[in-house]
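For reference, the structure discussed in these notes is given below.
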Amino acid sequence: MAIDLPTANTNLRLDGLVPDVEAAMFEPIIEEIDELKHNRNAIVLAHNYMTPDIFHGVADLRGDSLELARLAASTSADVIVLAGVHFMAETAKIANPNKTVLIPHTQAGCSLAESITGADVRLLKERYPGVPVVTYVNTSAEVKAESDICCTSSNAVAIVESLDANRVIFLPDQYLGRWVATQTDVDVILWHGSCEVHERFTASELRDYRNLYPEIQIIAHPECPPEVLDEADFVGSTSGMINWVREESPAQVVMVTECSMSDNVAVESPDTEFLRPCNLCPHMKRITLEGIRDSLLYMRHEVNVDSSIALRAQRAVERMLAVT
Ligand code: 13P
Ligand code: SF4
């Protein structure tokens, strides 16, 4: 039986960015999203890990966690659809409480955010009285509310140093915390959280890449374990890694992070060969074009922050935004 496949149309927004057949299937949904965005005065903020159909097809603004927080804080749109995970949507709501913030899937979580509660932070503060608490944005609003200041992977070192303290409690990513400790003289008290995606990379697989491709550049996210970061030529946030590829134009690169990012960057770097150990974030991958369309159609799933913690969480986020 013959199956009618959508015909490729050269005017597609995704032309050349995804296979023609996929582009033709995505285009009607992209048009629906465009109309809904217009009618609702909405924008789509997309994290760098979104798939190309979202990243290139419907995102109005893109970035790493810090950039998304800043963009959310400054938008004049009434509605923000956060194409990313829950902590990013919650941070957008904290940064701009008067906006309606939607997340297309309720299960788009994060293993780091799951690793710690507000009660854990209160116990740590009892154990280390007076030591400032620096909290990665990959956490719940409740945890942020117990913290002195937030940070992201792109500003963690600057945030720790901005406190003028000899010691900080750094939560919850043990690997990001260890990496920060290598970049500063400040003592770092760690928690045991980790990213389920980045902790799967190994130093030996990266050494294998180097043996096979002696010219390769290895660039890694600081959520990776220390022995993996020791193999890297550059360590940075997702946007830091993207900018590094833009500036350095390496002949061959391996981006040691969630693998959708290489798909997004590869389209603008035709002279660079991307080698791709593929670790996907299951939470990020719950966000789809259909989910974004439905979030705008039904105005679901709205993200709100409990009023008993919103102000304290906002203080920690705004303090971060004021530093970098
Ligand atoms: P970035 O802030 O570097 O985009 O990192 C967010 C994240 O969740 C990486 O896994
Ligand atoms: Fe969380 Fe890791 Fe997924 Fe980033 S990649 S959202 S840190 S689980």
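Please read these numbers as outputs of a predicted model, since none were measured by experiment. Order of appearance sets the numbers: ligands from 1, and atoms from 1 within every ligand. Residue numbers count from 1 along this sequence.
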Charged N to carboxylate O under 4.0 angstrom, [X] versus [Y]?
X: D173; Y: R178; value: no
X: E67; Y: R62; value: no
X: D148; Y: K125; value: no

For [X], counting its heavy atoms only, list the atoms of ligand 2 lying under 4.0 Å from any of them.
X: L112; answer: 7 (S)
X: N138; answer: 7 (S)
X: S111; answer: 8 (S)

H198 to ligand 1, any heavy atom closer than 4.0 Å: yes
Heavy-atom gap M241 to ligand 1 smaller than 4.0 Å: no
Protein contact of [atom] - nearest heavy atom, named by residue and atom, plus distance:
atom: atom 3 (Fe) of ligand 2; result: C281 SG, 2.4 Å
atom: atom 1 (Fe) of ligand 2; result: C110 SG, 2.4 Å
atom: atom 2 (Fe) of ligand 2; result: C195 SG, 2.3 Å

T100-D78 side chain donor-acceptor pair, cut-off 3.5 Å: no
Counting from 1, what ligand 1 atoms have a heavy atom of [X] closer than 4.0 Å?
X: S237; value: 3 (O)
X: S65; value: 1 (P), 2 (O), 4 (O), 5 (O), 6 (C)
X: E223; value: 7 (C), 8 (O), 9 (C), 10 (O)
X: D64; value: 1 (P), 2 (O), 4 (O)
X: N138; value: 7 (C), 8 (O)
X: Y49; value: 9 (C), 10 (O)
X: H47; value: 1 (P), 4 (O), 6 (C)
X: H221; value: 1 (P), 3 (O), 5 (O), 9 (C)

Non-hydrogen atom of E223 closer than 4.0 Å to ligand 2: yes
Backbone N/O of [Y] and side chain of [X]: donor-acceptor pair under 3.5 Å:
X: S269; Y: D271; value: no
X: R210; Y: I218; value: no
X: K93; Y: V305; value: no

Parallel, tilted or perpendicular: ring planes of W244 versus F234, cut at 30 and 60 degrees: parallel
Joint cluster assignment, V143 & V317, ILVMFWY side-chain distance < 4.5 Å: no
Result of checking S153, S154, C150 against L66 for side chain to side chain contact (heavy atoms under 4.5 Å, CB included): S154
Shortest heavy-atom approach to atom 4 (Fe) of ligand 2 - which of Y49, Y136, F87: Y49
Gamma sulfurs of C259 and C278 within less than 2.5 Å: yes
